[in-house]
Amino acid sequence: MVARVQNAGLARITQLLAAASWWLQWGTGSAAAQTANVVTTTSTTEARAAATPAQGTTTVTNDKITFTGTLTAAGTRAITEVGVFDAVGSGSPPTGGNMDVYGDFSAINLASGDSIAFTINVTFS
């Protein structure tokens, strides 16, 4: 048997994800995350920031979830990765919860007080 998620199922998945609470955590690692990783590869000391989830459309109605949020640097940083977590975590750097989405990118150099406004899109097909 071959099974697939139908268009209505994609919309239901993103609807459920959009109803949950999410947090962002950044790091200074570089493309080393594996699918089993539970934290960014090189986390910094900043607390996780709340992320706002929203459904969106790429190919079919509501096949995408978008997470937006802003993190502010507590010191000089060269940020190269971000994770979307299902828990705020605790400690410095924060730990706890699951990292459900990971992204890496070229370094964004920050001074203390600088921030990055992230928009992370995940499309289901």
Side-chain angles (χ1 to χ4, degrees):
M1 174 177 84
V2 175
R4 57 174 259 126
V5 178
Q6 299 302 99
N7 292 349
L10 298 176
R12 177 83 170 133
I13 290 167
T14 60
Q15 176 187 32
L16 292 168
L17 291 172
S21 296
W22 299 98
W23 289 267
L24 302 180
Q25 180 178 350
W26 63 17
T28 59
S30 181
Q34 302 296 316
T35 56
N37 281 15
V38 295
V39 297
T40 52
T41 57
T42 308
S43 301
T44 62
T45 58
E46 289 84 7
R48 293 178 185 162
T52 302
Q55 288 179 284
T57 299
T58 299
T59 304
V60 299
T61 302
N62 292 325
D63 63 347
K64 176 174 72 174
I65 183 84
T66 298
F67 302 96
T68 57
T70 301
L71 286 157
T72 302
T76 302
R77 307 275 187 259
I79 301 301
T80 58
E81 60 184 357
V82 65
V84 180
F85 291 80
D86 65 358
V88 68
S90 61
S92 180
T95 59
N98 299 294
M99 181 172 59
D100 292 338
V101 178
Y102 173 83
D104 69 321
F105 44 87
S106 297
I108 299 173
N109 295 308
L110 305 174
S112 183
D114 288 349
S115 60
I116 299 174
F118 288 99
T119 300
I120 302 160
N121 294 303
V122 180
T123 301
F124 296 85
S125 60

Novice: If the condition is ring pair (Phe, Tyr, Trp, His ring centres under 6.0 Å), which residues does F67 pass it with, not counting sequence neighbours?
Specialist: W22
Novice: Among the clusters formed by ILVMFWY side chains lying less than 4.5 Å apart, do F85 and L71 turn up in the same one?
Specialist: no
Novice: Report whether V122 and Y102 are members of the same hydrophobic cluster (ILVMFWY, side-chain heavy atoms less than 4.5 Å apart, transitive linking).
Specialist: no
Novice: Does a side-chain heavy-atom distance below 4.5 Å link T119 with T68?
Specialist: yes
Novice: Not counting sequence neighbours, list each pair that qualifies as a side chain to side chain donor-acceptor pair (under 3.5 Å) and has a residue in residues 105-116.
Specialist: none
Novice: In chain order, what residues pass the side chain to side chain contact (heavy atoms under 4.5 Å, CB included) check against T61, with sequence neighbours excluded?
Specialist: T57
Novice: Side chains of residues 13-21: which donor-acceptor pairs under 3.5 Å do they make with residues two or more places apart or in other chains?
Specialist:
residue, atom, partner, partner atom, Å
T14, OG1, L10, O, 3.4
T14, OG1, A11, O, 3.1
T14, OG1, Q55, NE2, 2.9
T14, OG1, N62, O, 2.7
Q15, OE1, R12, NH1, 3.3

Novice: Would you check if the side chain of Q25 reaches a backbone N or O of S43 as a donor-acceptor pair within less than 3.5 Å?
Specialist: no
Novice: How long is the gap from CD1 on I116 to CD1 on I108, to the nearest 0.5 Å?
Specialist: 4.0 Å
Novice: Go through the structure and list residues passing side-chain hydrogen bond (donor to acceptor under 3.5 Å, both in side chains) with N121, not counting sequence neighbours.
Specialist: T66
Novice: Quick one: pull up CD in E81 and OG1 in T28 and give me the separation to the nearest 0.5 Å.
Specialist: 6.5 Å
Novice: T58: what forms a side-chain hydrogen bond (donor to acceptor under 3.5 Å, both in side chains) with it, not counting sequence neighbours?
Specialist: T123
Novice: With sequence neighbours excluded, tell me which residues meet side-chain hydrogen bond (donor to acceptor under 3.5 Å, both in side chains) with E46.
Specialist: W26, T44, R77
Novice: Connecting only ILVMFWY residues whose side-chain heavy atoms lie within less than 4.5 Å of each other, what is the rest of V88's hydrophobic cluster?
Specialist: W23
Novice: Report whether V82 and V101 are members of the same hydrophobic cluster (ILVMFWY, side-chain heavy atoms less than 4.5 Å apart, transitive linking).
Specialist: yes
Novice: CZ of F118 to OG1 of T70: how many Å apart, nearest 0.5 Å?
Specialist: 9.0 Å
Novice: Once you round to the nearest 0.5 Å, how far does NZ of K64 lie from CZ of F124?
Specialist: 12.0 Å
